[in-house]
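Accompanying notes for the structure given below.
Hydrogens, waters and symmetry mates play no part in the numbers below; they use all other heavy atoms, side chains included. As the structure lists them, so they are numbered: ligands from 1, and atoms in each ligand from 1. As the structure is a prediction and not an experimental result, all values here were calculated from the model.
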Amino acid sequence: MIEIRGVSHRYISGDETKIFEALSNVSLKIESGTFVSFLGPSGCGKTTLLRIANGLITPSDGEVWIDGERVDGPAPDRAMVFQEFNLLPWRTARGNVEFPLEVQGMARAERDQVVTRALAQVGLDRFGEFYPHQLSGGMKQRIGLARALSVGPSYLFMDEPFGALDPQIREMMQLELMKLWDSDRKTVVFVTHSVDEAVFLSDRVIMFGTSPGRVIADIAIDLPRPRWTDDEAIKTSPKFIQFRNDIWRQLKRQLVAMPDA
Ligand SMILES: Nc1ncnc2c1ncn2[C@@H]1O[C@H](COP(=O)(O)OP(=O)(O)OP(=O)(O)O)[C@@H](O)[C@H]1O
Ligand SMILES: [Mg+2]
């Protein structure tokens, strides 16, 4: 379980003359094994909160607790998938997935096994020897996911992982992610700008508002699972459409309220 307790975060400019309040007093509990999405206008602090929850940034105020321990830095059971693929161009797909395991000091034979499994999980077993520049955007994103999965995390933090993909590949990736998630139900915190993506994937959609970044709604998405076996039926169901419309309405209010909109 992830517990975000009264988290606020201020960014201070290099010359210390400007203070920007990115997050204000956010409290959330995320149950283990659930899929939760963060949705909200640009600049409302979604990435900041994800990085705080993962231990990459220390919040100005408040605390994050995961499984009864206070987060004070990154840990191997928490993996992050970034929007930018962040692959090392001089390493093959295999080499990229292997990288965090090398850093952890895992022995070569075990590493080989783990990497082979992670590449197979994302459907790229035949592409291990390809370099990033030889892979499509969707494949690079899958390598990023395989790299995150290879460390066997209990918690997966994903920051707009499909944002750069074309719409068809994006839908395929959503289905693959749902299939993968159904097989082991890790705790996933997923940032997206897509209302449909958030509703389709999530057990809960947390909506954020800006200036300062804060939680404005917490919506339980009780659509049936699995959702990948007949995604069309899910996406055309009255319940899905109702969730999507309700969330859109709230989001539009936030966008209108943005200072520079
Ligand atoms: N390193 C930084 N230094 C100063 N300000 C920052 C820094 N990182 C983020 N900010 C500011 O904090 C606010 C929240 O940023 P954040 O990246 O968390 O937003 P976001 O919700 O992820 O936005 P987007 O949807 O565009 O990715 C923004 O106004 C941004 O300008
Ligand atoms: Mg962001």
Side-chain angles (χ1 to χ4, degrees), residues 2 4-28 30 35-64 71 73-74 78-87 137 140-141 144-145 148 155-167 170 173-174 177 188-202 204-219 244 247-261:
I2 304 174
I4 295 166
R5 299 183 187 161
V7 163
S8 298
H9 195 65
R10 293 175 287 280
Y11 286 111
I12 298 164
S13 64
D15 57 5
E16 299 193 0
T17 54
K18 288 195 205 82
I19 296 178
F20 184 84
E21 195 176 16
L23 285 171
S24 173
N25 197 20
V26 174
S27 293
L28 280 175
I30 297 174
F35 196 117
V36 173
S37 288
F38 289 175
L39 189 72
S42 190
C44 66
K46 303 179 296 294
T47 295
T48 303
L49 188 59
L50 202 67
R51 287 173 177 264
I52 288 172
N54 191 27
L56 297 172
I57 303 179
T58 305
S60 312
D61 297 305
E63 301 175 343
V64 178
V71 171
R78 305 194 293 268
M80 185 102 175
V81 179
F82 298 92
Q83 173 171 20
E84 329 77 62
F85 309 117
N86 276 332
L87 300 182
K140 280 188 262 200
Q141 193 57 69
L145 182 58
Y155 293 89
L156 199 51
F157 296 90
M158 305 180 81
D159 194 0
E160 297 190 48
F162 306 149
L165 306 180
D166 73 54
R170 186 170 187 158
M173 291 293 295
Q174 290 166 2
L177 180 61
V188 179
V189 185
F190 187 98
V191 175
T192 180
H193 277 281
S194 161
V195 175
D196 285 56
E197 185 168 81
V199 173
F200 180 64
L201 299 175
S202 313
R204 253 167 96 196
V205 175
I206 316 274
M207 298 187 65
F208 289 80
T210 36
S211 309
R214 68 206 186 282
V215 174
I216 56 162
D218 185 340
I219 301 146
R244 196 240 262 135
I247 291 174
W248 248 119
R249 206 169 301 123
Q250 299 200 49
L251 197 59
K252 268 190 268 186
R253 274 205 292 272
Q254 286 304 311
L255 295 172
V256 169
M258 275 175 83
D260 52 356

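Nearest protein heavy-atom contact of atom 23 (O) of ligand 1 is Gly43 N, 2.8 Å. Counting protein heavy atoms only, atom 18 (O) of ligand 1 is closest to Thr48 OG1, 2.5 Å. Of the protein's heavy atoms, Tyr11 CD1, 3.2 Å lies nearest to atom 6 (C) of ligand 1. For atom 17 (O) of ligand 1, the closest non-hydrogen atom of the protein is Thr47 CB, 3.7 Å.
Under the 4.0 Å criterion applied to side-chain N and carboxylate O atoms, Asp61 and Arg10 are assigned as salt-bridge partners.
The two residues His193 and Leu39 have their closest heavy-atom pair at C-CD1, 3.9 Å.
Here Thr47 meets the criterion, with an N, O or S atom under 2.8 Å of the Mg ion (ligand 2).
For ligand 1, none of its N or O atoms has an N or O atom of Gly40 under 3.5 Å away. Where the criterion is an N or O separation shorter than 3.5 Å, residue side chain and backbone included, Gly45 meets it with respect to ligand 1.
Using the six-membered ring where Trp is involved, Phe157 and Tyr155 have ring planes that are parallel, under 30° apart on the 30 and 60° scheme.
Ligand 1 lies out of reach of Arg51, whose nearest heavy atom is not under 4.0 Å from it. Using a 4.0 angstrom heavy-atom cutoff, His9 does not count as in contact with ligand 1.
If you look at Phe20 next to ligand 1, the close heavy atoms, those under 4.0 Å, all belong to the side chain.
The closest non-hydrogen atom to atom 26 (O) of ligand 1, taken over Ser42, Pro41, Gly213, comes from Ser42. The nearest non-hydrogen atom to atom 27 (O) of ligand 1, considering only Lys18, Arg10, Glu160, comes from Glu160.
The distance from the CZ atom of Phe20 to the NE2 atom of His9 is 11.0 Å, given to the nearest 0.5 Å.
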Legend entry - side chain to side chain donor-acceptor pair (under 3.5 Å) assessment of Ser194 paired with Asp196: CA-CA 5 Å; Ser194 161; Asp196 285 56; 5.2 Å; no
